[in-house]
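Heavy-atom basis, side chains included; hydrogens, waters and symmetry copies ignored. Numbering starts at 1 and runs along the sequence shown. All ligand and atom numbering here is 1-based and tracks the order in the structure.
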Amino acid sequence: MLNKLWVVIPAAGVGARMQADRPKQYLPLVGKTVIEHTLACFLTHPAVAGIVVAISEGDPYWAELTATALSERGNVYTAPGGCERADSVLNALDYLVNTLQVNADTGVLVHDAARPCLSRHDVDKLLAEGMGEAAGAILAVPVRDTMKRAQPDTSRVAHTEDRNGLWHALTPQLARLGVLREALAHALHAGLPVTDEASALEQFGLHPLLVEGDARNIKITRPADLALATFFLIEAAG
Ligand SMILES: Nc1ccn([C@@H]2O[C@H](COP(=O)(O)OP(=O)(O)OP(=O)(O)O)[C@@H](O)[C@H]2O)c(=O)n1
Ligand SMILES: C[C@](O)(CO)[C@H](O)COP(=O)(O)O
């Protein structure tokens, strides 16, 4: 598995904003669960050596997937989820280093379990443009709406933000295992805000490459997103 990369899937969230009867990554979506669509993008990718999925302690749903959709692949592992997404990702990186003894120079893709509409094309585009980037690379889409800054603690406009150069960060986010693990550990230890891998790398003084991706690569966050993801997946299936 020389030069192949590893995938980390943070899947330990509770999905509070979804207001569903189970964590959103396990909700049904076009014939299977959200996370199974997400994993499918990587399970057969020739550049992927394996996948580590961070799941919450006592997750009752993962075992059902292992029994069905994933049993044919031996290179899918689980690591313990953490309090925040960044903690879950760092736990998975620790598992790669300490348990699987993956080399620090190995490329790692971190992708939200809640983003099931990722295309193979976008994965390949990120790898083609980002694999040589020491600072890492992320899929992103330019902001296309006018962006307003609210007055503090109000719902009133303070001013309009300059949207030139503003991007929505998506996932996957690509980095070298050792660099990302060190950057995340440093940011979390320092109590710095880390909502994606790039923000940890930025706080480490790095400037990851922005790779324009498809806006269909939405993160399922609120109930309306499920219908949109359904449309995108059916559209992608032709
Ligand atoms: N402690 C956490 C929190 C989130 N995630 C994962 O990170 C991804 C993006 O996070 P988000 O959309 O915020 O998911 P939730 O935290 O589950 O959503 P909510 O904030 O609505 O509870 C999801 O795949 C989620 O499962 C995780 O692995 N560990
Ligand atoms: C990682 C991410 O999906 C990039 O946009 C986003 O930061 C996740 O944020 P969340 O609050 O954990 O959903």
Touching ligand 2 at all, Glu197? Heavy atoms, strictly under 4.0 Å? no

Run down the list Gly13, Cys83, Ala20 and name the one with the heavy atom closest to atom 25 (C) of ligand 1. Gly13

Looking only at protein heavy atoms, identify the closest one to atom 7 (O) of ligand 2 and say how far it is in Å. Thr195 O, 2.8 Å

Taking all heavy atoms of Arg17 and all of Pro223, pick out the closest pair and write down the distance. O-CD, 3.7 Å

Heavy-atom contacts with Ala114 under 4.0 Å: which atoms of ligand 1 show up? List them by number with element. 24 (O)

Please check: side-chain N/O of Thr38 versus main-chain N/O of Glu36, any donor-acceptor pairing under 3.5 Å? no

Considering only heavy atoms from C-beta outward, does the side chain of Gln173 approach that of Asp196 to under 4.5 Å? yes

Answer yes or no: is there an ion pair linking Asp112 with Arg85, defined by an N-O contact shorter than 4.0 Å? yes

Polar atom proximity, Asp112 to ligand 2 (N or O, under 3.5 Å): yes

Can you tell me if Thr154 uses its side chain to pair, donor with acceptor, with the backbone of Gln151 under 3.5 Å? yes

Return the residue, atom name and 0.1 Å-rounded distance of the protein heavy atom closest to atom 10 (O) of ligand 1. Arg85 CD, 4.3 Å

Within-cut-off N or O pair, Arg17 and ligand 1, under 3.5 Å: yes

Would Gly81 count as a contact residue for ligand 1, given that I'm defining contact as a non-hydrogen atom of the residue lying under 4.0 Å from a ligand atom? no

Kindly determine whether Leu127 and Leu5 satisfy side-chain contact (heavy atoms from CB on, under 4.5 Å), including the steps that lead there. CA-CA 10 Å; Leu127 296 180; Leu5 50 79; 3.2 Å; yes

Check: Cys117 main-chain N/O paired with Asn217 side-chain donor or acceptor under 3.5 Å: no

Does an N or O from Leu170, backbone or side chain, lie closer than 3.5 Å to an N or O of ligand 2? no

Among all protein heavy atoms, pick the one closest to atom 28 (O) of ligand 1 and tell me residue, atom and distance. Ala12 N, 2.9 Å

Would you say Arg115 contacts ligand 1, with heavy atoms under 4.0 Å as the rule? no

Regarding ligand 1, does Gly15 bring an N or O atom to under 3.5 Å of one of the ligand's N or O atoms? yes

Answer yes or no: does an N/O atom from Arg17 fall short of 3.5 Å to an N/O atom of ligand 2? yes

Do we see a donor-acceptor contact under 3.5 Å between the side chains of Asn103 and Thr106? no

If I apply the N/O under 3.5 Å rule, does Lys219 come out as touching ligand 2? yes

Salt bridge between Arg181 and Asp94, side-chain N to carboxylate O under 4.0 Å? yes

So, Asp225 side chain and Thr221 main chain: donor-acceptor pair closer than 3.5 Å or not? yes

Side chains of Asp214 and His121: any donor to acceptor distance under 3.5 Å? no

I want to know if ligand 2 touches Asp196 in the polar sense, i.e. an N/O pair below 3.5 angstrom. no

Atom 8 (C) of ligand 1: which protein heavy atom is closest, and how many Å away? Asp112 OD1, 3.6 Å

Determine whether Arg216 and Glu235 satisfy the following criterion, salt bridge (Lys or Arg N to Asp or Glu O under 4.0 Å), listing intermediate values before the conclusion. CA-CA 10 Å; Arg216 297 180 185 88; Glu235 180 192 50; 2.9 Å; yes

Give a yes or no on whether the backbone of Val211 and the side-chain of Lys125 come within a donor-acceptor separation of less than 3.5 Å. no

How close does the nearest protein non-hydrogen atom get to atom 12 (O) of ligand 1, and which residue and atom is it? Lys24 NZ, 2.7 Å

Any idea which protein heavy atom is nearest atom 4 (C) of ligand 2, and the distance to it? Ala169 O, 3.3 Å

Contact atoms of ligand 1, heavy-atom distance to Ser88 under 4.0 Å: 1 (N), 2 (C), 27 (C), 28 (O), 29 (N)

Would you mind checking which non-hydrogen protein atom is closest to atom 22 (O) of ligand 1, with the distance to 0.1 Å? Ala16 N, 2.8 Å

Is the backbone N or O of Gly82 less than 3.5 Å from a side-chain atom of Ser88, with the two atoms forming a donor-acceptor pair by type? yes

Could you check atom 23 (C) of ligand 1 against the protein and tell me its nearest heavy-atom contact, residue, atom and distance included? Pro10 O, 3.7 Å

At less than 4.0 angstrom from any non-hydrogen atom of Val14, what atoms of ligand 1 do you find? 17 (O), 22 (O)

If we only count N/O pairs under 3.5 Å, is Gly82 in contact with ligand 1? yes

Output the list of atoms in ligand 2 that are nearer than 4.0 Å to some heavy atom of Arg85, sorted by atom number. 1 (C), 12 (O)

